Structures are given as C-alpha cells and as structure tokens.
Amino acid sequence: MIIDAHSHIGCDWMMPRTKIQDYKALLKKHGINAGIVMPEPGHTRSGKRLLLWEFKPNGGIHYFSPYYKTDNITTLNNISKEINEEIYHEVFSNEKNEPSIFFSAMIHPVINDVEYYKEIKSIPRCVALKFHGIAGGYSPEMIDKKHI
C-alpha cells in the first residue's frame with residue numbers, strides 16, 4: 001500500500017489553488033492508495049493571507065491577520081480553526097472515497113490554545129496534526145511542553 005502523507009489543499013499565497021478533485025486524480029494516476037491532506041500554510045482569501053508573521057524590530061515575532069486586520073491572539077486562534085474547517089469541508093463535502101482521503105489539522109503552537117486539541121479529536125478522518133514551522137513563523141524551540 002502506498003500512502004501520500006503530506007499534501008496541501010486550498011489556495012496558498014505562493015502557489016496556485018490545489019483542488020481535492022485534482023489531488024484525487026493525481027493519486028489515482030500514480031497508483032497511490034491513500035492520502036493525508038491538510039490546509040496550506042499561507043492560506044489566502046481574496047488574495048490576502050489569513051495568518052502572517054513578521055520579525056519585530058526589537059526582537060521577537062509579531063503574528064497577525066492581514067485579511068481580518070487584527071493581531072488579537074484569541075482571534076488568530078479562531079482564524080486558524082476557521083482555516084482547518086474550511087479545508088476539511090472542501091475535502092469531504094463531496095467525498096467519494098476512492099482513493100482513501102484522510103485529514104491532518106494544521107496547528108500553530110504559538111497562536112492555537114491547547115483546548116483546540118479536544119475539538120480536533122472529534123473531527124472524523126483526522127489522523128494527524130501538522131506543525132508547519134518556518135511558514136508559521138516559529139522554530140522547534142518555540143513549541144512548549146503543553147503542545148507536545
């Protein structure tokens with residue numbers, strides 16, 4: 001059995017839109033039995049990133065949403081959830097389970113609260129969590145023990 005364990009679905013600021021139908025066709029074409037898909041790290045809507053980060057002049061990292069024009073951490077946590085829900089819905093709304101498709105929620109260990117993991121446990125077909133370091137603006141040292 002061949003499983004693709006890491007593919008992004010949706011619209012990223014650096015890449016063209018990836019649609020689930022195209023992904024399924026690609027799996028079938030190459031004889032891949034199953035795939036795990038996740039949101040892309042630079043998710044956009046109307047050409048604007050929903051989550052972004054930048055280095056602060058005095059050190060540290062500033063996380064914000066250009067789309068929603070906010071840097072409120074609670075709002076950013078909810079935007080992260082919104083991205084996972086949007087891509088999950090896109091992947092499974094018209095699912096024909098050939099080949100088998102599974103989901104990996106994108107997690108941001110700085111802006112997501114650990115309570116979000118309880119919600120993720122109830123997502124059908126969610127088999128993994130994805131930390132996307134550089135694109136999310138964090139390094140392994142920034143992942144605290146609560147998230148591990």
Side-chain angles (χ1 to χ4, degrees), residues 1-54 61-140 142-144 146-148:
M1 174 177 272
I2 301 171
I3 299 172
D4 169 30
H6 182 152
S7 285
H8 297 281
I9 299 296
C11 192
D12 188 90
W13 72 283
M14 290 180 32
M15 304 294 287
R17 181 162 190 73
T18 307
K19 297 178 182 173
I20 189 63
Q21 298 83 357
D22 296 336
Y23 176 72
K24 288 180 181 182
L26 190 64
L27 291 182
K28 193 170 192 171
K29 176 181 176 183
H30 293 287
I32 300 171
N33 306 95
I36 301 173
V37 298
M38 63 201 74
E40 60 296 299
H43 190 75
T44 63
R45 191 175 295 145
S46 303
K48 287 187 178 180
R49 282 187 66 168
L50 271 67
L51 294 172
L52 193 54
W53 62 272
E54 62 189 2
I61 298 174
H62 175 230
Y63 300 97
F64 63 102
S65 172
Y67 184 85
Y68 289 106
K69 298 180 180 151
T70 185
D71 61 1
N72 176 279
I73 197 72
T74 301
T75 303
L76 297 178
N77 181 48
N78 289 331
I79 293 167
S80 175
K81 294 178 187 182
E82 177 184 319
I83 293 168
N84 277 318
E85 289 168 10
E86 180 180 319
I87 298 305
Y88 181 86
H89 184 295
E90 181 176 332
V91 169
F92 294 107
S93 63
N94 295 314
E95 183 192 6
K96 293 183 177 105
N97 204 14
E98 274 308 315
S100 295
I101 304 294
F102 299 92
F103 186 70
S104 175
M106 184 80 70
I107 301 299
H108 195 292
V110 177
I111 65 171
N112 285 130
D113 58 42
V114 292
E115 293 300 310
Y116 184 37
Y117 294 114
K118 293 176 185 172
E119 294 176 43
I120 291 170
K121 284 175 67 173
S122 66
I123 298 173
R125 303 182 68 80
C126 184
V127 297
L129 302 176
K130 172 64 176 170
F131 289 91
H132 216 300
I134 293 173
Y138 57 90
S139 64
M142 296 170 74
I143 303 172
D144 64 18
K146 294 183 295 185
H147 286 276
I148 293 170

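We number each residue from 1, following the sequence as shown. The figures here come from the full heavy-atom set of this structure, side chains too, leaving out hydrogens, waters and symmetry mates. Owing to the predicted nature of the structure, the values given are computational and were not obtained by experimental measurement.
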Practice task
Not counting sequence neighbours, which residues clear ring pair (Phe, Tyr, Trp, His ring centres under 6.0 Å) with His8? List them please.
Solution key: His6, His132
Exercise for the section: Any chance you could measure Leu129, atom CG, to Met38, atom CE, to the nearest 0.5 Å? Expected result: 10.5 Å
Handout entry: Partner residues of Arg45 under the salt bridge (Lys or Arg N to Asp or Glu O under 4.0 Å) criterion, sequence neighbours left out
Key = Glu82, Glu86
Handout entry: Backbone of Asp113 reached by a side-chain donor or acceptor of Asn77 within 3.5 Å
Key = yes
Completion exercise
Between Ala105 and Cys126 the two heavy atoms that sit nearest each other are N-SG, 3.9 Å
Problem - Criterion side chain to side chain contact (heavy atoms under 4.5 Å, CB included) on Tyr138 and Ile61, from CA distance to verdict - result: CA-CA 8 Å; Tyr138 57 90; Ile61 298 174; 5.7 Å; no
Handout entry: Tyr63 side chain to Gly137 backbone, donor-acceptor under 3.5 Å
Key = yes
Fill in the blank from the handout: Looking only at heavy atoms, the pair that brings Ser65 and Tyr68 closest together is OG-N, 3.0 Å
Practice task
Give, for atom CD1 of Ile83 and atom CG of Asn78, the distance between the pair rounded to the nearest 0.5 Å.
Solution key: 11.5 Å
Problem - Residue pairs, two or more places apart or on separate chains, that pass ring-ring contact (aromatic ring centres under 6.0 Å, His included) and touch residues 22-52 - result: none
Practice task
Might you work through the side chain to side chain contact (heavy atoms under 4.5 Å, CB included) test for Asn33 and Ser100, ending with a clear yes or no?
Solution key: CA-CA 7 Å; Asn33 306 95; Ser100 295; over 6 Å; no
Problem - Distance (rounded to the nearest 0.5 Å) between Leu50 CG and Lys48 NZ - result: 10.5 Å
Practice task
State whether the side chain of Arg125 and the backbone N or O of Ile101 hold a donor-acceptor pair below 3.5 Å, judged by distance alone.
Solution key: yes
Exercise for the section: List the steps and the verdict of side chain to side chain contact (heavy atoms under 4.5 Å, CB included) for Val91 and Tyr88. Expected result: CA-CA 5 Å; Val91 169; Tyr88 181 86; 5.9 Å; no
Problem - With sequence neighbours excluded, residues passing salt bridge (Lys or Arg N to Asp or Glu O under 4.0 Å) with Glu54 - result: none
Practice task
Answer yes or no: are there more than 12 heavy-atom neighbours, outside Ile134 itself, under 6.0 Å from its atom CD1?
Solution key: no
Exercise for the section: May I ask you to test the Ile87-Glu40 pair for a side-chain heavy-atom distance under 4.5 Å? Expected result: yes
Handout entry: Listed partners of Tyr117 passing ring pair (Phe, Tyr, Trp, His ring centres under 6.0 Å), at least two apart
Key = His147
Practice task
Taking the side chain as every heavy atom from C-beta outward, state whether Phe103 and Pro124 have any pair of such atoms under 4.5 Å apart.
Solution key: no
Fill in the blank from the handout: Here the pair of heavy atoms bringing Asn72 nearest to Thr75 is OD1-N, 2.8 Å
Practice task
For the residue pair Glu90 and Ile9, establish whether any side-chain heavy-atom pair is separated by less than 4.5 Å.
Solution key: yes
Problem - Non-hydrogen side-chain atoms of Asp4 and Leu26 separated by less than 4.5 Å - result: no
Exercise for the section: Working to the nearest 0.5 Å, report the span between CG of Leu76 and CG of Leu52. Expected result: 10.5 Å
Handout entry: Thr44 (side chain) donor-acceptor with Cys11 (main chain) under 3.5 angstrom
Key = yes
Practice task
Report the residues that fulfil salt bridge (Lys or Arg N to Asp or Glu O under 4.0 Å) with Lys81, sequence neighbours left out, ordered by chain and then residue number.
Solution key: Glu119
Fill in the blank from the handout: Taking every heavy atom of Ile2 against every heavy atom of Gly31, the minimum-distance pair comes out as CD1-O, 4.0 Å
Practice task
Measure the spacing between CG of Asp12 and OG1 of Thr18 and express it to the nearest 0.5 Å.
Solution key: 8.0 Å
Handout entry: Expected output: side-chain Asn84 to main-chain Met106 donor-acceptor under 3.5 Å
Key = yes
Handout entry: Intermediate values then yes/no, side chain to side chain contact (heavy atoms under 4.5 Å, CB included), Val110 and Trp53
Key = CA-CA 11 Å; Val110 177; Trp53 62 272; over 6 Å; no
Handout entry: Donor-acceptor contact below 3.5 Å, side chain Ser7 vs main chain Val37
Key = no
Problem - Distance-minimising heavy-atom pair for Ser104 and Ile36 - result: CB-CG2, 3.7 Å
Practice task
Supply the atom-to-atom distance Ile79 CD1 to Ile73 CD1, rounded to the nearest 0.5 angstrom.
Solution key: 10.0 Å
Practice task
Indicate the atoms forming the closest heavy-atom contact of Pro109 with Ile143, along with that distance.
Solution key: CG-CG1, 3.6 Å
